[in-house]
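One structure is given below, encoded as structure tokens.
All heavy atoms count here, side chains included; hydrogens, waters and symmetry mates do not. So you know, we letter chains A, B, ... as the sequences are listed, proteins then strands, and number each from 1.
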Protein chains: 2
Amino acid sequence: MATRVPPQPESVRKLPRQQRSRATVDTIVEAAARVLARRGWAHFTTNETASTAGVSIGSIYQYFPNKLSLAEEIRNRHLDAVLAAIVVPDESDASITLEQRAAALIDGVVAAHSVDQRLHRVLLDEVPLAARSAQDVFEAEYLRRYQAVIAAAAGRADPERDGIAGRVLSGAVEGVIHAAARHGELQSPVLRAELIGLACAYLHSLSGH
Amino acid sequence: MATRVPPQPESVRKLPRQQRSRATVDTIVEAAARVLARRGWAHFTTNETASTAGVSIGSIYQYFPNKLSLAEEIRNRHLDAVLAAIVVPDESDASITLEQRAAALIDGVVAAHSVDQRLHRVLLDEVPLAARSAQDVFEAEYLRRYQAVIAAAAGRADPERDGIAGRVLSGAVEGVIHAAARHGELQSPVLRAELIGLACAYLHSLSGH
DNA sequence: TCAAAATGTGAATAGAAGCTCACATTCTAT
DNA sequence: ATAGAATGTGAGCTTCTATTCACATTTTGA
């Protein structure tokens with residue numbers, strides 16, 4: 001996990017200036033991520049985070065104004081890692097078939113959901129939202145990719161319908177992937193094939209009227 | 001909301017025997033559902049439930065051994081209501097088209113998700129699972145309906161593939177509906193049409209090839 | 001070298017909330 | 001009518017945990 005400059009804009013807390021404190025902050029965030037994944041948000045405590053990190057509770061509050069800000073830092077780092085897992089294919093290459101585009105899209109989303117699944121689930125549906133800056137970037141990146149595929153499929157552009165189609169397709173793909181993740185089948189090639197089949201069937205129906 | 005016999009099997013608590021106490025239990029559960037929907041699981045408190053119900057905190061613990069058992073009772077009642085919203089079409093009538101079957105399925109699932117949406121979301125992704133007995137019935141009922149439609153679509157029966165297809169279709173439909181619910185578009189006819197289109201496109205691709 | 005800044009410590013504080021229990025009230029059956 | 005069961009009450013006990021603060025240690029820069 002890369003070192004980031006963590007604390008929040010309005011944070012009254014110190015910024016880590018020396019190498020030593022930057023390492024401490026990283027240790028804290030990594031330990032916190034492990035505790036959060038293991039216990040869930042409801043039983044995520046700052047004291048357990050401190051002892052897991054081998055650090056005094058006070059050290060956490062040197063750099064994080066409260067428990068939530070710690071979780072938000074974890075989320076920011078995690079979503080960075082998730083986005084990094086997505087491989088973007090060349091969108092302007094006309095020689096790529098629709099099937100290939102759909103496959104690349106789905107592989108990217110699967111890869112994104114393969115990064116620390118338990119932590120991902122806790123971060124997305126347990127930790128309160130507050131300022132969801134990173135989450136927006138995250139969703140925007142997804143949307144961009146879906147719309148590229150849809151634009152390629154539907155030769156003509158009906159922006160109104162394409163927008164809805166994008167939301168339908170993304171909802172469908174995410175739904176299938178979340179269900180698969182719950183059953184531990186995210187890596188199943190049969191599922192991958194069936195999901196690509198679903199996407200292609202829908203995409204073809206958009207152009208063929 | 002119908003009166004049910006609530007407390008858990010292993011509960012050391014009393015069963016409500018008189019009319020008066022049955023009414024008290026109903027009042028408690030209804031108030032608890034309101035509090036849970038309003039505050040979310042993290043800020044759902046037994047004291048607020050008691051004051052909202054106009055009942056002493058002690059009365060709650062007469063019938064519920066702990067906070068979680070109260071939430072589980074709410075979930076049981078809610079899922080009953082959700083299942084009741086699903087209209088089941090005649091599965092043996094061969095004169096019904098695939099489009100009509102898909103539409104009936106989707107309308108049923110949408111109706112199920114239209115029952116007390118906020119509470120539904122909190123119950124499904126905030127309240128801890130523990131013994132998820134009712135949730136299993138709930139999912140099994142869904143699965144049954146998806147498989148009926150898939151069996152009708154794919155003339156021949158390839159049980160292996162049909163099973164996966166069922167999970168893919170249900171994941172997709174649920175995903176789209178959850179996304180729509182988040183954006184408050186559950187009642188949109190455009191979305192309904194597009195979702196039916198998605199389902200039909202996939203179903204046709206199963207038989208044709 | 002040494003003073004000031006940065007960093008680290010953990011006992012103690014404070015508040016929230018689950019749950020108990022001794023007691024009061026109401027209902028049922030005889 | 002009345003005893004005993006069922007029901008209802010709410011102050012307060014207990015546990016948990018976020019956060020503070022007075023202090024100790026380490027690093028930096030001159």
Short N-O contact, [X] and [Y], less than 4.0 angstrom:
X: B/Glu30; Y: B/Arg34; value: no
X: A/Glu194; Y: B/Arg167; value: no
X: A/Arg22; Y: A/Asp26; value: no

Value in whole Å for how far the [atom2] atom of [N] lies from [atom1] of [X]:
X: A/Phe44; N: D/dT17; atom1: CZ; atom2: C1'; answer: 12 Å
X: B/Ile60; N: D/dG8; atom1: CD1; atom2: P; answer: 12 Å
X: A/Tyr63; N: C/dT9; atom1: OH; atom2: P; answer: 10 Å
X: A/Arg20; N: D/dT25; atom1: CZ; atom2: P; answer: 13 Å
X: B/Gln18; N: C/dA29; atom1: CD; atom2: P; answer: 9 Å
X: A/Leu68; N: D/dT19; atom1: CG; atom2: C1'; answer: 15 Å
X: A/Gln62; N: D/dC21; atom1: CD; atom2: P; answer: 13 Å
X: B/Arg39; N: C/dA17; atom1: CZ; atom2: C1'; answer: 14 Å

Measure the shortest side-chain to side-chain distance between B/Val122 and B/Phe44 over non-hydrogen atoms and say whether it is less than 4.5 angstrom.
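When only atoms from C-beta onward are counted, B/Phe44 and B/Val122 do not touch, as no gap falls below 4.5 Å.
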
Phosphate OP1/OP2 of [N]: any [X] side-chain N/O under 4.0 Å:
X: B/Thr45; N: C/dA16; answer: no
X: B/Arg13; N: C/dT20; answer: yes
X: B/Tyr61; N: C/dT20; answer: no
X: B/Ser59; N: D/dT7; answer: no

If you check every side-chain atom of B/Arg17, which of D/dG10, D/dT9, D/dT7 has the closest atom?
D/dT7

Please determine, for the side chain of B/Asn47, which listed nucleotide (D/dG8, C/dC19, C/dT7) has the closest atom?
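Ranking D/dG8, C/dC19, C/dT7 by closest atom to the B/Asn47 side chain puts C/dC19 first.
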
Decide side chain to side chain donor-acceptor pair (under 3.5 Å) for B/Gln187 and B/Ser114; before the verdict, give the C-alpha distance in whole Å, the side-chain angles of both, and the deciding distance to 0.1 Å.
CA-CA 9 Å; B/Gln187 312 305 329; B/Ser114 301; 3.2 Å; yes

Does B/Thr46 make a side-chain donor-acceptor contact with the base of C/dG18, cut-off 3.5 Å?
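It does not, because no donor-acceptor pair links the side chain of B/Thr46 to the base of C/dG18 below 3.5 Å.
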
Between the base of C/dG8 and the side chain of A/Ser56, is there a donor-acceptor distance below 3.5 Å?
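A donor-acceptor contact between them is absent.
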
